[in-house]
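Here is the structure we will look at.
None of these values were measured; they are calculated from a predicted model. Residue numbers begin at 1 in each chain, while the letters A, B, ... track the order of the sequences.
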Amino acid sequence: MDVVIPKGRVLHARPAAALARMAGEYRSVITLQNLTNGRGPVNARSVVSLLSLGATAGACVRILADGDDAVAATAALAGALMQLLEAEASA
Amino acid sequence: MSRVLSGRPGAPGMRVGRAVLHDPLKRSLRAPPIGDARVRLASALQRADADLGLLQAHVPLSDEASIIGFQRELLRDPELLARIHASIDRLGVEAAVTEALDHYGALLLSLEDPILRERAADLRDVEQRILRALTGDEAAVAFDDPVVLVARQLLPSELAAIDATMLAGVCLAGAGPSSHVVILARALGVPVVLFDAAALHSISADERLLVDGSRGIVVVEPSASQVAEASESEGHRVHRDVLKHDLRLTAVVGSLAEAQSAHARGAAGIGLLRSEFLFADSSSTAAPSVAEQTAAYRAVADCFPEQPVTIRLFDAGGDKPLSFLSAGKQTNPALGTRGVRLLLEHPGLMRDQITAIAALADARIRVLVPMVTDIGELLRTREIFDSVCGGLVDPARPKFGVMIEVPAAALMADVLIQHVDFFSIGTNDLAQFTLAADRDDAHYASYGDGLHPAVLRLIEMTVQAAHACGKPVSVCGEAAGRMDVAAALIGLGVDELAVGM
């Protein structure tokens, strides 16, 4: 599933930490890749790897999961990513 | 055949143990790293996480809390940990930690976004946290049987690194009853007997020693009946009598843990928080931020929700430098730039600390200025205090007081009292300066046993000056913890005794 980082937002420390914690709740191996700059794919459970994607505004981030709960994991992470970035803007 | 060595009392208590000779040059206490590298790493990560958890609980600002949350997430980052584990056998724990965090730090620094690049500093912070936790682990020295440490020189940090449950006592040269290492031993409940260096030569390694810190003697190879007597006395350790007097018995503390323990032991507040101890293990040359300080003070103050909490401003000097507040080398540190003198050279730092304390907005909090000598220092400090706290009114305004530990201040107490809310007398330094006796010099330390009549007179003058204005006086220092001296202090009208608990 692909998510485009909205204008004015960055996948930085706070959302990355929340995302990594969430990824840890699924059995699937989940990866994120920044299709725009070519960084990744990286382990979604690793907060430092998520930061290293350099996912800034306009970047297209691909979320992939492999495992028995892959569909749920992908949907949940994509949804959470959008929500977290939204929350950042209002914070 | 048993023989008796006569020394001087250092810290009370009577216990038996095997002699271990401590030679600072050979670093006999420097234990090799304990356990497997991976076990050490795991426990260091756990400790670092616990420290951060504690910090997080006391940080009100959501921004800072979320950065701490991010750092805690780093401690369990699977990629980061995998990288550390991959090189741990080749590099050792410390270097492996540094290598992994360097690697990811460099990765973040290669990004274009400035906010993401800034997070490299958090990686550095986490690295330092893990390394500190590892060092603490390494310094722990464990013994399998009770030992008596025989030392010509012993640093407080060396004593603190030893598991106190297996430390039956210390035979020490080159120290007096109010040396920091002896004060620490007393706090840990470890008996200490003080000797001249030459007397320690007659003790050999692995001899059995009975240490009687109350009488100041050591029995080498004690008889069975002597050992039995010691273990019986160990059964009812020294306990402080509750004083039937309108007197407040408060605690001298240097950490949150000590504050919690003092509360558990029934202290009626904190008579002296050595605020510099809260940040003493900071390797940073930058002072702790106002928010960090407020969080640390709030945590300590919360241990005593309804009782007075006295926070002494950073008390550093030539002999006890702080990484962020150092007076540099001086020919005579005890008489040099220390206490309020050093603070006045760094007014911004003092203002920050008072601001951090004022943020608690609580009249129970008392700000205490260390080592004041004359009215000029007092007024300059008061000006800073007023400029920070001027907007606060009761019950949110903290109290302001000064330490009386220089004879000049005691002699001028009637003048100084006009500008403060309370006095706190520090007997260790007051005795040292009044008697011209180095508190670390065993030859002259006996002046400081109990209190010399000259010191008692200064205390009396101070109490009378304060009471004439209806203001309270507390006494802190080793002497206040001794029953005989405490009785004298109560007789002089002291309102509060602050003791190590």
Which pair of non-hydrogen atoms, one from [X] and one from [Y], has the smallest distance, and what is that distance?
X     : Y      : answer
B:F70 : A:A17  : CA-CB, 4.2 Å
A:R39 : B:L111 : CZ-CD2, 3.4 Å
B:P78 : A:S46  : CD-CA, 3.9 Å

Listed by residue number, which members of residues 48-69 of chain A have a heavy atom under 4.5 Å from any heavy atom of chain B?
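Listed by number, the contacting residues are A:V48, A:S49, A:L51, A:S52, A:L53, A:G54, A:A55, A:T56.
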Under a 4.5 Å heavy-atom criterion, the part of residues 18-30 of chain A in contact with chain B comprises A:A20, A:R21
Close side-chain approach of B:E112 to A:N37, heavy-atom, < 4.5 Å:
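Side-chain contact under 4.5 Å: no.
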More than 12 non-hydrogen atoms from neighbouring residues, nucleotides or ligands closer than 6.0 Å to CD on B:Q46, yes or no?
no
Among B:D113, B:L123, B:D122, B:I115, who wins on heavy-atom pairs under 4.5 Å with chain A?
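Top count of heavy-atom pairs under 4.5 Å with chain A: B:D113.
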Can you say whether [X] sits under 4.5 Å from chain A via the side chain, the backbone, both, or neither, judging by heavy atoms?
X      : answer
B:L108 : side chain
B:L74  : both
B:L81  : neither

